[in-house]
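Worksheet for the structure shown next.
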Amino acid sequence: MRKKAYRTRLHVFLEIAAWLCLLVSFGIAIYGMNVLPDTIAIHFTLDGAADGYGSPGSLLLMPIIMTLCVGGISLTAHILNPEEQFNMPFRVNESNKIPVYRDMCTMLFCMNLEIALFTLYLEIKSFGQNGEGILPVTGIYIALMALTIVGFCLKAYRNNRRGGDD
């Protein structure tokens, strides 16, 4: 089966949305390098107070790191053949492999968008020099990532059991 059989228009939308969020994050960083003072807050305490300082060029760090993460996931989704290289926690029934591997691809592209949205949020907060609210949003981000992983693994497992040869 060709890898393309596992990809949908939703996957294309999620991936494009993720890359657009990262592009906007880079735009914010580049704009910030031109308009912010020479020293800005680059780290905040749990209660949102600034406790680390650097140059506006520091705003590029988060989008660069997250581009590596999003790029790695995108490469995984586009290069690896799910049938041969996805490590599934169960044996995939031949009759159900398309919906199962589609679920796993959807999980990857959802994670990409979640990473990109979180990066965009942090970039906006850093540009605004305001660390308030970062802790609860970070908790929500971690919980959402966990729910995405567990939820799509369970969905794939259920799809695998439908009418298959257990």
Side-chain angles (χ1 to χ4, degrees), residues 1-29 42-48 59-126 131-166:
M1 178 75 50
R2 291 183 31 214
K3 293 184 286 185
K4 301 255 184 227
Y6 305 117
R7 305 239 171 62
T8 67
R9 289 178 193 207
L10 174 63
H11 299 155
V12 173
F13 171 79
L14 292 169
E15 186 171 28
I16 289 171
W19 286 107
L20 287 174
C21 286
L22 284 174
L23 188 63
V24 171
S25 295
F26 274 106
I28 291 169
I42 59 170
H43 193 269
F44 302 91
T45 62
L46 294 178
D47 64 355
L59 291 174
L60 282 172
L61 188 58
M62 182 65 72
I64 288 171
I65 292 170
M66 292 308 178
T67 296
L68 295 173
C69 294
V70 169
I73 292 172
S74 284
L75 281 174
T76 297
H78 287 286
I79 292 175
L80 297 183
N81 183 345
E83 289 181 45
E84 298 169 2
Q85 296 160 321
F86 279 18
N87 186 11
M88 302 296 290
F90 50 84
R91 188 181 66 75
V92 177
N93 295 321
E94 187 68 23
S95 61
N96 298 329
K97 68 182 179 181
I98 290 176
V100 168
Y101 290 125
R102 275 188 184 157
D103 290 338
M104 293 295 94
C105 288
T106 304
M107 178 188 73
L108 290 174
F109 289 116
C110 284
M111 290 170 57
N112 251 2
L113 184 56
E114 291 165 3
I115 290 167
L117 285 170
F118 186 63
T119 302
L120 180 57
Y121 171 79
L122 292 177
E123 202 64 21
I124 291 168
K125 295 299 277 184
S126 294
E132 290 181 29
I134 289 178
L135 182 62
V137 171
T138 301
I140 291 168
Y141 165 70
I142 292 168
L144 188 59
M145 287 289 278
L147 285 172
T148 297
I149 294 166
V150 171
F152 278 105
C153 285
L154 289 173
K155 186 174 186 295
Y157 179 75
R158 284 191 305 272
N159 279 334
N160 192 52
R161 300 203 31 102
R162 288 194 180 129
D165 44 43
D166 297 334

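Worth knowing before you read on, the calculation uses all heavy atoms, side chains too, and leaves out hydrogens, waters and symmetry mates.
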Item to check | Over 12 non-hydrogen atoms of neighbours within 6.0 angstrom of CE in Met104 | outcome: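 Yes - once you tally the heavy atoms of other residues, nucleotides and ligands closer than 6.0 Å, there are more than 12.
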Item to check | Modelled atom types, side-chain donor and acceptor of Asp47 and Thr45, under 3.5 Å | outcome: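 Short answer, yes.
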Checklist entry - Taking only residues at least two apart or on different chains, which pairs with a member in residues 114-123 satisfy side-chain hydrogen bond (donor to acceptor under 3.5 Å, both in side chains)? => result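 side-chain hydrogen bond (donor to acceptor under 3.5 Å, both in side chains) check on residues 114-123 returns Glu114-Thr148.
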Item to check | N/O donor-acceptor pair under 3.5 Å between Asn93 side chain and Ser95 backbone | outcome: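 Not confirmed, Asn93 side chain does not pair with Ser95 backbone.
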Provide the closest heavy-atom pair for [X] versus [Y] in the form atom of the first, atom of the second, distance.
X: Tyr6; Y: Ile98; answer: CE2-CA, 3.6 Å
X: Asn96; Y: Asn160; answer: ND2-O, 2.5 Å
X: Cys153; Y: Met107; answer: SG-SD, 4.4 Å
X: Leu22; Y: Pro63; answer: CD2-O, 4.4 Å

Item to check | Partners passing ring-ring contact (aromatic ring centres under 6.0 Å, His included) against Phe118 (at least two apart in sequence or in another chain) | outcome: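 Testing Phe118 for ring-ring contact (aromatic ring centres under 6.0 Å, His included), a comparison that skips the adjacent residues, returns Tyr141.
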Item to check | ring-ring contact (aromatic ring centres under 6.0 Å, His included) against Tyr157, all qualifying residues, sequence neighbours excluded | outcome: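 Partners of Tyr157 by the ring-ring contact (aromatic ring centres under 6.0 Å, His included) criterion, ordered by chain and then number, come out as Phe90.
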Checklist entry - Which distance, rounded to the nearest 0.5 Å, do you find between the CD1 of Ile149 and the CE of Met145? => result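 Here the rounded value is 5.5 Å.
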Item to check | CG on Leu59 to CG on Leu122, rounded to 0.5 Å | outcome: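 Taking CG in Leu122 and CG in Leu59, the distance rounds to 11.5 Å.
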Just list the side-chain donor-acceptor pairs under 3.5 Å for residues 12-20, sequence neighbours left out, or say none.
unit_1 : atom_1 : unit_2 : atom_2 : d
Glu15  : OE1    : His78  : NE2    : 2.8
Glu15  : OE2    : Ser74  : OG     : 2.8
Glu15  : OE2    : His78  : NE2    : 3.1
Trp19  : NE1    : Ser74  : OG     : 3.4

Checklist entry - Can you list the residues that meet the side chain to side chain donor-acceptor pair (under 3.5 Å) rule with Thr138, with sequence neighbours excluded? => result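 So Thr138 forms no side chain to side chain donor-acceptor pair (under 3.5 Å) with any residue.
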Item to check | Partners meeting salt bridge (charged side-chain N to carboxylate O under 4.0 Å, His left out) with Lys125 (sequence neighbours left out) | outcome: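 For Lys125 there are no salt bridge (charged side-chain N to carboxylate O under 4.0 Å, His left out) partners, ignoring immediate neighbours.
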